[in-house]
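Structure record follows, encoded as structure tokens.
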Amino acid sequence: MELVEETPYRWRIEPEGAMRVPGVVFATRELLPDPAADQALGQVAAVATLPGIVEASYAMPDMHWGYGFPIGGVAATDVEDGGVVSPGGVGFDISCGVRLLLADLHVDRLRPRLAALMDALDVSVPRGMSKGAVWRLGSEAELEEVLAGGARYAVERGHGEPGDLEHCEDRGAVADADPAAIGSRARERGLRQVGSLGSGNHFLEVEAVAEVYDEEIARAYGLWPGRVCVLIHTGSRGLGHQVCTDSVHTMQAAMTRYGISVPDRQLACAPVDSHEGRTYLAAMAAAANYGRANRQLLGQAARHAFDRVIGDGGLSLLYDVSHNLAKLETHQVGDRARRLCVHRKGATLALPPGHPDLPPDLRAFGQPVLVPGSMGVGSYVLAGVPGAPAFASACHGAGRRLSRHQAVKTITAARLRADLEHEGIAVRGASARGLTEETPGAYKDLDAVVAACARAGLARTVAKLTPIGVVKG
DNA sequence: ATGTAC
């Protein structure tokens with residue numbers, strides 16, 4: 001594979017073989033995956049063979065190996081030109097994403113009550129594999145309301161505050177969700193997990209604004225130095241996972257009927273404009289709404305904990321983004337506006353200033369792009385910029401460098417816990433395994449990823465958040 | 001990511 005350095009922040013994989021478009025990777029040389037340990041660059045090239053793909057198979061600076069598509073991958077297909085949709089281009093955790101809430105509180109005032117707050121969050125945030133949830137759904141009919149209405153339904157049922165929905169991508173619910181497209185097994189798994197964190201890299205973190213890089217946008221976003229924030233990273237749990245599994249099987253069986261061949265079975269796909277394609281998108285949208293409701297519920301759980309311990313710590317929602325989703329969007333391709341199916345897997349939509357989908361109070365400044373780092377290193381808030389490449393997309397996190405298996409061999413849970421406490425970061429509820437799998441050493445350098453993202457013109461850096469306490473599964 | 005495997 002020929003990898004050409006176009007700029008210090010942009011690399012090109014020349015089309016060869018069945019590739020229909022080049023691969024384009026936004027990264028510095030240091031951030032590129034190690035070909036000996038990580039097949040992600042080959043995956044970028046493989047995605048470039050998908051029917052209907054336009055412009056390029058893109059990857060963000062946090063890219064790494066994933067199921068079929070790389071994590072950090074962005075690929076758009078032309079719906080009217082036989083373009084396909086692929087569940088692997090969304091990922092198993094459909095609409096996994098991040099929500100950032102802002103407390104009306106300076107970190108110095110929180111410190112004396114931090115332990116109490118963390119204890120309150122510890123008991124009010126269900127987490128871990130297949131454990132409990134905040135919201136016990138009354139019936140399968142109510143699950144259908146969640147699948148159709150997402151965070152909007154949660155707020156209608158009292159789990160939210162006015163203004164929450166306006167600060168959610170898609171106003172809290174993806175359109176065209178069809179609960180009937182979701183299988184019975186996924187439904188069963190979904191009944192008991194609305195309002196639960198899960199495990200792996202999912203977390204709830206208490207953070208504070210540490211540095212401001214863009215004064216004007218930070219002011220508009222409400223990010224003043226020292227301000228306490230809550231970052232929630234979770235997705236659609238077992239339900240989304242089951243939807244992905246079911247769809248991959250369906251599409252693997254259907255592909256020959258559509259005359260599609262792909263270099264990797266994990267790239268199973270079907271035309272967007274086909275029964276299988278439409279059914280997947282309808283099920284994916286429903287699972288996405290489940291994920292949106294999930295983050296809404298956990299945001300409420302955080303609010304209740306703040307109310308109990310702080311009293312006046314009221315949390316306002318800055319924004320809620322998804323970083324695992326396929327969306328039908330219209331973009332200029334060459335000299336024509338085209339209807340595209342844009343897959344973002346471990347990549348965040350980053351709408352530019354002035355975009356009509358942004359809420360009025362944020363519209364002039366561009367969409368908040370929330371970039372959680374690994375445990376203990378904090379997070380960034382970026383903003384969408386005009387004319388960004390890759391269909392208005394940006395990075396979604398630090399990006400894994402070591403596999404979970406490799407990560408656990410680098411440090412003990414006791415050592416990691418001590419390191420975090422030494423840095424003044426309170427840890428609650430993390431299993432030893434969960435902790436060591438997520439050691440910061442297993443991830444790329446978040447500062448470098450965000451810098452590359454900004455230098456590549458994907459987004460603007462607004463502020464950095466530093467962690468104070470972490471709740472993990 | 002995930003009741004960590006068909």
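Only a predicted model underlies this, so the values are computations on that prediction, with no experimental measurement involved. Within every chain, numbering begins at 1; the chains are lettered A, B, ... in the order of the sequence lines, protein sequences first and strands thereafter.
- A:Gly91 comes within 4.0 angstrom of nothing in the nucleic acid, heavy atoms only.
- Nearest-nucleotide positions on DNA chain B for A:His249 and A:Ser199 put A:Ser199 closer to the 5' end.
- Here the C1' atom of nucleotide B:dT4 and the CD atom of A:Glu437 are 9 Å apart, to the nearest Å.
- Between the CZ atom of A:Arg265 and the P atom of B:dA5 there is a distance of 17 Å, given to the nearest Å.
- Going from atom CD of A:Gln193 over to atom P of B:dT2 covers 8 Å, rounded to whole Å.
- Between A:Glu438 and A:Arg400 there is a salt bridge, since a side-chain N of the basic residue sits under 4.0 Å from a carboxylate O of the acidic one.
- At a threshold of 4.0 angstrom between heavy atoms, the contacts of A:Gly200 are confined to the sugar-phosphate backbone, with no base atom among them.
- Residue A:Tyr290 contributes atom OH, which lies 11 Å from atom P of B:dT2 at whole-angstrom precision.
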### Task
Tell me, with the steps shown, if A:Glu207 and A:Thr466 meet side chain to side chain donor-acceptor pair (under 3.5 Å).
CA-CA 5 Å; A:Glu207 307 187 327; A:Thr466 191; over 6 Å; no
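- Atom-to-atom, CD of A:Gln266 to C1' of B:dC6 comes out at 15 Å; the value is rounded to the nearest Å.
- One can place NZ of A:Lys131 at 13 Å from P of B:dT4, the figure rounded to the nearest angstrom.
- In this structure, A:Tyr58 and A:Phe26 have parallel ring planes: the angle between them is below the 30° cut-off, well short of the 60° mark.
- Whole-Å rounding puts the A:Leu197 CG to B:dT2 P distance at 9 Å.
- Rounded to an integer number of Å, the gap from A:Glu438 CD to B:dT2 P is 11 Å.
- The pair A:Arg157-A:Glu145 does not meet the salt-bridge criterion, since no charged nitrogen lies less than 4.0 angstrom from a carboxylate oxygen.
- A:Arg404 comes within 4.0 angstrom of the backbone, heavy atoms only, and of no base.
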